[in-house]
Amino acid sequence: MTSTEQTPFYITTAISYPNGVPHIGHAYEVIATDAMARFKRLDGFDVFFLTGTDEHGQKMLQTAQKQGISPRELAQRNSDSFQQMNDELGISYDRFIRTTDPDHIDAAQEIWRRMEANGDVYLDKYAGWYSVRDEAYYSEEDTELREDGVRYATETDTPVTWTEEESYFFRLSAYQDKLLEHYRNAPDFGAPRSRFNEVIRFVERGLEDLSISRTTFDWGVPVPGNADHVMYVWVDALTNYLTGTGFPDTTSASFKKYWPADVHVIGKDISRFHAIYWPAFLMSAGLELPGRVMIHGFLHNNGVKMSKSLGNVIAPAEFVDQYGLDSIRYFFLREVPFGADGSYSHDAIVGRMNADLSNNLGNLAQRSLSMVKKNCDSQVPAPGEFTAADQQILDAAAALLPIVRDHFERQEFSRALEAVWNVLGDANAYFADQQPWVLRKTDEPRMRTVLYVTLEVVRRVALLVQPVMPDASSRLLDVLGQADGAARVFTAFDEPLESGSDLPEPAPIFPRYEVPAEV
RNA sequence: GGGGCGGUAGCUCAGUUGGUCAGAGCAGAGGACUCAUAAUCCUUGGGUCGUGGGUUCAAGCCCCACCCGCCCUACCA
């Protein structure tokens, strides 16, 4: 793409709370978002991909105190470990934002001022049963007075005390109808539909105003005009999506180009904040709303929820070490319908690696390339007239780009990959049916045609799986003789292999996962 | 309590507006082939489609009840 008229595409992950170390759930979200970002780049879009860490709040402060360091030091250290995870996962983010970044402080204060100027921010008292441990208020009905005379939050078994605190409020209640109207007008604003419905139901029941500042700690963005208050999580955190584009400079080229965001990828635990608070804030601030909030599910280890107490929290780096980066990227996106909860297990991962990657794709590439090397002088063979069988598999492969594009548009990664692998299954059957190893002795021109057709299918597949497996697909395109650059973006999808061009020594791309030998 | 979703072959799941809808992949069994990463291809699935009723000429697909599982029901992120 040499055009300077590329359509912008802005995608974000949620920013992580770096109160601890990153786990597989964090990895899952950035991998999926990365695949989306890469797909769009290959498809000719001018992509901006933002991810980062949300570093303010009482918990960060407390953790830092416990460790005897400043919250800034803790944030720096843990944010670095998140960024490192991104790099280990090959995440192609354009900016790693931190809510402690100076430009983000500016952005958060500016959106506050805008909401205030719009009459949606007012000072009042926030009162309720407060759990220090949960850093959360509970309503009376969610607490109970127990025999020890202490009142507890029913859900979390933590003691609560009646607390009144001066707080700024956001007039969320005023946005109920506007939000519902937007949901009606933009039925794809939230996805998957089941999650979006939960959000809509929530709004339909009525919205209360939102407490948006705290006075009990100071590790946060100062509220403009009142140094006693710091912003309370959501105004601060959500605004990172604006900061990334250059806000508050709404005249900047990047803001004009990338805002509003096309997709916010988030976990199901924070759907409400992204699908309700966030658009309300933006409406109040007079800013455009993002196109879509894509809500993904959680990953369970063998169907069991990950938790520190169970000791089944796996570091992303361990996964990468054990199975390889591309394998786990493929596994997560192929195995779990994006939006649903998913489960991973050693057996399931190995199954995907061996069956899908090594056998169906890797072996097809290797067997065809190997024959080309031995029988076609390591050059892309010249095909003869295509038979119906040739044409059928070529057409199936050619049809994949629009199909995959459609699925990616909705972040249905598993369906996209399923469609690709269906064609690979057909291609393997085609290859076996045509028996080029027999044709070698009986009909060489026909053999060359079959090999050409197969290589062409593999080439198209290799192009399409680049967003999911950047490294492996790159090596696959290497052995197909496809140079970096124009031949590897989607505009090359319909530009077939050039007969007579030299091919490098074929090399297996997807080794089988072999169980380490027992001693 | 209220609301939502799901319960289909050993496993993971597809099944549009009711009428080849009883399916796919994986695992298992048998066979073929040898180009290839012990890979590939072919054949092989009689599962009361959670339970019991009902509507209909016809129901996984509609209605009712029930059983089981999961999710949401506001200020930790």
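Residue numbers start from 1 in every chain, and the chains themselves are labelled A, B, ... in the order their sequence lines are given, proteins ahead of strands. The analysis underlying the following values was restricted to heavy atoms, covering all of them including side chains, and did not include hydrogens, waters or symmetry mates.
Considering only side-chain atoms of A:Leu172, the nucleotide from B:G3, B:A77, B:A74 that sits closest is B:A74. For A:Ser211, counting side-chain heavy atoms from C-beta on, the closest listed nucleotide (B:C42, B:C75, B:C72) is B:C75. Taking the side chain of A:Asp269 as heavy atoms from C-beta on, and the options B:C71, B:G15, B:A77, the nearest nucleotide is B:A77. With distances taken from any side-chain atom of A:Phe273 to the nucleotides B:G15, B:C75, B:A77, the minimum falls on B:A77.
Side chain to side chain, A:Glu335 and A:Tyr330 fail the donor-acceptor criterion of an N or O pair below 3.5 Å. Inspection of the A:Arg440 and A:Gln435 side chains reveals no N or O donor paired with an N or O acceptor under 3.5 Å. With 3.5 Å as the limit, one finds no donor-acceptor pair spanning the side chains of A:Asn78 and A:Ser81. With 3.5 Å as the limit, one finds no donor-acceptor pair spanning the side chains of A:Asn197 and A:Arg201. A donor and an acceptor atom, one from each side chain of A:Thr51 and A:Thr13, are located under 3.5 Å apart. Between A:Gln434 and A:Arg446, the side chains place a donor N or O and an acceptor N or O closer than 3.5 Å (distance only, hydrogens not considered).
Look at A:Tyr430 and you won't find any side-chain N or O under 4.0 angstrom from OP1 or OP2 of B:C41.
A cation-pi arrangement is not found for A:Arg334 relative to A:Trp421, the charged atom failing to lie both closer than 6.0 Å to the ring centre and inside a 45° cone about the ring normal.
A:Asn375 contributes a side-chain N or O that, together with a main-chain N or O of A:Met371, makes up a donor-acceptor pair within less than 3.5 Å. Of the possible polar contacts, none joining the A:Glu164 side chain to the A:Lys125 backbone as a donor-acceptor pair under 3.5 Å is found.
A straight line from CZ of A:Phe298 to C1' of B:C72 spans 13 Å, rounded to a whole angstrom. Between the P atom of B:A77 and the NE2 atom of A:His23 lies a distance of 15 Å, rounded to the nearest Å. As a whole-Å value, the separation of A:Arg205 CZ from B:A74 C1' is 11 Å.
Remark: RNA chain B forms stems of 3 or more consecutive Watson-Crick or G-U wobble pairs, all pair distances under 3.5 Å, at B:1-7 with B:67-73, B:10-13 with B:23-26, B:28-32 with B:40-44, B:50-54 with B:62-66.
Nucleic acid contact class of A:Leu451 (heavy atoms, under 4.0 Å, all strands): none. Across all strands, A:Gly297 comes closer than 4.0 Å to no nucleic acid atom at all (heavy-atom distances).
The nearest heavy atom of RNA chain B to A:Leu364 and to A:Glu335 marks one nucleotide each, and the one closer to the 5' end goes with A:Glu335.
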**OP:** Would you give a per-nucleotide map of nucleotides 22-38 of chain B, 5' to 3', where B means the base has a protein non-hydrogen atom under 4.0 Å away, S means only the sugar-phosphate does, and - means neither?
**Re:** -----------SSBBB-

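Taking atom P in both B:G45 and B:C64, the straight-line distance is 38 Å, to the nearest Å. With C1' as the reference atom, B:G23 and B:U34 are 32 Å apart, rounded to whole Å.
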